[in-house]
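As structure tokens, the structure follows; a few thoughts come after it.
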Amino acid sequence: MSLSKIVLTTLVATFLSSAAYAESTPAADPPATGETGAMGGHGMMHGMFTPEERMVLFAGMSKATAGMTDDQKHAYRHGQRDRIMAMSDTDRAKFKADLDSRWNALPADQKADMTAKMQAFMATRHEHDGDK
């Protein structure tokens with residue numbers, strides 16, 4: 001398996017694992033945004049996107065960061081998060097609609113592959129969580 005496929009798989013799995021967690025937690029008011037917010041900017045987008053939207057978002061980030069160093073990837077992800085958090089509700093709705101249309105444009109086999117990779121990652125993650 002090539003490095004780019006491993007990275008993509010890891011990002012998609014991470015993305016989907018957060019999606020599965022979001023679906024299992026009760027809905028609550030979003031915490032305050034900004035550095036002084038309740039979460040200090042971490043986990044702010046957790047419930048903002050559907051699992052499918054997150055898969056598309058992270059797949060795009062994976063392609064965009066291919067060939068970058070870990071530090072560059074980290075900076076890119078934080079820049080993307082900051083950009084999304086700074087969007088108005090209207091801009092965010094347009095962004096989400098674009099992610100939805102990109103997901104809907106994927107062939108069924110690609111959707112199934114992304115979902116299977118996510119489920120495999122989640123199964124591995126749950127196994128490791130039990131070892132603690």
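Basis for what follows: all heavy atoms, side chains included, without hydrogens, waters or symmetry-related copies. Since the structure is predicted, the reported quantities are computational estimates derived from the model, not experimental observations.
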Q) Ignoring hydrogens and geometry, is there a side-chain-to-backbone donor-acceptor pair from K96 to D91 under 3.5 Å? A) no

**Q.** For the student: nearest non-hydrogen atoms of I84 and R92, plus distance
**A.** O-NH2, 3.2 Å

Q. Minimum heavy-atom separation for D100 to T50, with atom names?
A. OD1-OG1, 4.3 Å

Q. Quick check: are there more than 12 heavy atoms from other residues, nucleotides or ligands sitting under 6.0 Å from NZ of K111?
A. yes

Q: Using atom types as modelled and distance alone, determine if a side-chain donor or acceptor of S62 lies under 3.5 Å from a backbone N or O of F58.
A: no

(Q) Using 0.5 Å steps for rounding, measure from the CH2 atom of W103 to the CD atom of E53. (A) 11.0 Å

Q. Which value, rounded to the nearest 0.5 Å, describes the distance between L57 atom CG and F95 atom CZ?
A. 5.0 Å

Q: Could you tell me whether the side chain of M85 reaches within less than 4.5 Å of the side chain of M48, counting heavy atoms only?
A: yes

Q: For residues D98 and R102, determine if any side-chain heavy atom of one lies less than 4.5 Å from a side-chain heavy atom of the other.
A: yes

Q | Minimal non-hydrogen separation, Q110 against L106, with atom names | A | OE1-CD2, 3.2 Å

(Q) Return the CE to NE2 distance between M68 and H74, rounded to the nearest 0.5 Å. (A) 13.0 Å

Q) CD of Q80 to CE of M61: how many Å apart, nearest 0.5 Å? A) 5.0 Å

(Q) Going by the rule salt bridge (charged side-chain N to carboxylate O under 4.0 Å, His left out), which residues pair with D113 if we only count those two or more places apart in sequence or in a different chain? (A) K117

